[in-house]
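Below, read A as the first sequence line, B as the second, and so on, with proteins coming before strands; counting in each chain starts at 1.
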Number of protein chains: 2
Amino acid sequence: MRYSIGQVAKKLGLTTHTIRYYDKEGLLPFVRKGSSGARVFLDEDVDWLLIVECLKGTGMPLKEIKKYIQLCQQGDQTLQTRLEMFKKQKVKIEEQMVILNQYMEKINFKIAYYDDAVKHGSDNIYTRNKWLAKERERVFGHK
Amino acid sequence: MRYSIGQVAKKLGLTTHTIRYYDKEGLLPFVRKGSSGARVFLDEDVDWLLIVECLKGTGMPLKEIKKYIQLCQQGDQTLQTRLEMFKKQKVKIEEQMVILNQYMEKINFKIAYYDDAVKHGSDNIYTRNKWLAKERERVFGHK
DNA sequence: TCTTGACTTAGAGTAATCTCTAACAAATAT
DNA sequence: ATATTTGTTAGAGATTACTCTAAGTCAAGA
C-alpha cells in the first residue's frame, strides 16, 4: 500500500507537521518522493514510524532514535549493536511498568481517601478511618 | 520529621533548582519557611511532592497539577471534583499500561528479529523465518 | 575569625518537541 | 475553468520543564 503524509498522519494520530519535522530531523531517510515532490509512504515506512513512536514513547529522545536509524543504514555489522539497544529498551519498559504500578497505588489510595472524604463531607479522615491511615503509611512509606 | 530542600531533593531524586521552580510555579503553597528564610519540609510536604511526581509522571502538566492544589485550598466543597480528577487519572494510567504493553510487544518482536539476524549474520529474515513474518503481521497489524 | 556549604532571590538561558505561517505547486472535485 | 484540498519549503514562534548564574545571607566547624 501507498500512503500520503496526510493518510499516515491520520493513521498514527500525528500531524503532518510532526511527520515533516521527523523527516527534517533525519528520522525518515527511507521515505521516497513521488514525481510532484510529495512524500510516498509504504507499509514498511509506517512500521518504521510505529517503532519511532514506540522508542519515543518509552523515553528515547529523537536524537538517539536517529542514531539507531544510522546503525540500520550501516548494514549487517551493526546487527549486534541494534539487538543490544532493543534489549536495553526492554529493561527500560519493565522499569516504567514498575513505576506505573507505584503511581497506580498512590492514585488508588487517593481515590479511597476522597471516596471516604466525600461520604463524610470533610477530609479529616485519618482519625476515623484507621485502614486509610495504614494504607497511607504503606503507599508513601514513612511514619 | 523536618527536611531541608537539599534533603528532600536527595530523597526524591530531584535537584534543589527543580523544587524551587515548583514552588515558584505555585505547586508547593504549604511549604513554610524557617527564621532564616529557608524552606522547611514536613513529611506531608514530601508526600505532596510524591503526588506531584505521580501526576507529572502520568502525563499531567504542571499547570493542571497547580489547578488541583488550588482545589485543595478551596476546602471541602471541592472534594467531589478532586475525587473525579483522580478517577480520570486512574483511567489514564490504565491506558498507559495498555500502550506500554503494546510497545513491549513491538520491542519483543524486534529482539526476536535481531536475535535471528545476528545468528545468521544478515537481516533478510522473513524468507527463512516464517514465524517472525507472522509475528510481524500480528504486532504491526497489516499485510 | 575564617571558610565551607547550604540556603535565598530574580531572572536569563537551554533543550526538546513540536506548531504554525507564508508563499507557492499540484491534484481533485464541481 | 475554477475552487478546494493536499502537498511542498524555509524558517519563525510556542510550550514545557527545567537549569544555571549572580549576588547575596546564614549557620556550623577548624
Side-chain angles (χ1 to χ4, degrees), chain A residues 1-42 45-46 48-69 89 92 99 103, chain B residues 1-42 45-46 48-69 89 92 99 103:
Chain A
M1 270 288 285
R2 294 161 159 276
Y3 309 90
S4 70
I5 194 170
Q7 288 172 311
V8 174
K10 196 172 253 176
K11 210 173 156 110
L12 301 195
L14 301 170
T15 68
T16 57
H17 291 307
T18 302
I19 296 174
R20 278 193 209 100
Y21 167 70
Y22 286 172
D23 197 5
K24 196 167 64 179
E25 294 300 302
L27 266 64
L28 312 173
F30 304 135
V31 176
R32 298 267 158 267
K33 296 196 178 172
S35 52
S36 75
R39 291 169 186 80
V40 178
F41 292 79
L42 305 176
D45 300 323
V46 175
W48 168 244
L49 266 168
L50 286 169
I51 288 294
V52 168
E53 203 188 20
C54 171
L55 294 173
K56 190 173 77 71
T58 52
M60 186 180 286
L62 300 186
K63 269 185 190 172
E64 261 190 77
I65 299 175
K66 188 179 173 179
K67 278 183 199 159
Y68 164 61
I69 203 174
Q89 205 62 17
K92 225 164 138 184
I99 290 168
Y103 288 159
Chain B
M1 271 289 284
R2 293 162 159 275
Y3 310 92
S4 70
I5 193 169
Q7 288 172 314
V8 174
K10 195 172 251 177
K11 208 173 159 111
L12 301 195
L14 301 170
T15 68
T16 56
H17 290 310
T18 302
I19 296 174
R20 277 193 211 99
Y21 167 69
Y22 287 172
D23 196 6
K24 197 166 63 178
E25 294 301 303
L27 266 66
L28 312 174
F30 304 135
V31 175
R32 297 267 158 266
K33 297 197 178 173
S35 52
S36 74
R39 291 169 187 80
V40 177
F41 292 79
L42 305 176
D45 300 323
V46 175
W48 167 244
L49 266 168
L50 286 169
I51 288 295
V52 167
E53 202 188 20
C54 169
L55 294 173
K56 189 174 79 69
T58 51
M60 187 180 285
L62 300 187
K63 268 185 192 175
E64 262 189 77
I65 298 175
K66 187 180 173 177
K67 277 183 200 161
Y68 164 61
I69 203 174
Q89 206 62 16
K92 226 164 136 186
I99 289 169
Y103 289 159

If you check every side-chain atom of [X], which of [options] has the closest atom?
X	options	value
A:Ser36	D:dC18, C:dA27, D:dT6	C:dA27
A:Arg39	D:dT8, D:dC18, C:dC7	D:dT8
A:Lys33	C:dT8, D:dT9, C:dT17	D:dT9
A:Leu62	D:dG7, D:dC18, C:dC18	C:dC18
A:His17	D:dC18, C:dT9, C:dT19	C:dT19
B:Lys63	D:dT16, C:dC18, C:dC7	D:dT16

Rounded distance (Å) that lies between atom [atom2] of [N] and atom [atom1] of [X]:
X	N	atom1	atom2	result
B:Arg20	D:dC18	CZ	P	15 Å
B:Asp23	C:dG11	CG	C1'	16 Å
B:Met60	D:dA17	CE	C1'	16 Å
A:Ile19	D:dT9	CD1	P	13 Å
B:Leu49	D:dC18	CG	P	12 Å
A:Glu25	D:dG11	CD	P	14 Å
B:Tyr21	C:dA10	OH	C1'	15 Å

**Which residue lies more 5' along DNA chain D, comparing B:Leu14 with A:Gly37 via nearest heavy atoms** = A:Gly37
**Request:** Just call it for B:Lys24: base, sugar-phosphate, or nothing, with non-hydrogen atoms closer than 4.0 Å on any strand.
**Result:** base
**Request:** Give A:Thr15 one of three labels, base, sugar-phosphate or nothing, depending on what nucleic acid heavy atoms sit under 4.0 Å from its own.
**Result:** nothing
**Request:** Please report the shortest heavy-atom distance between A:Lys56 and A:Ile65, naming the atom on each side.
**Result:** N-CD1, 3.7 Å
**Message:** Donor-acceptor check, side chain of A:Gln7 to backbone of A:Ser4, threshold 3.5 angstrom: yes or no?
**Reply:** yes
**Message:** Could you walk me through whether B:Lys92 and B:Thr58 satisfy the side-chain contact (heavy atoms from CB on, under 4.5 Å) test, starting with their C-alpha distance in whole Å, then the side-chain angles of each, then the deciding distance to 0.1 Å, before giving a yes or no?
**Reply:** CA-CA 7 Å; B:Lys92 226 164 136 186; B:Thr58 51; 5.7 Å; no
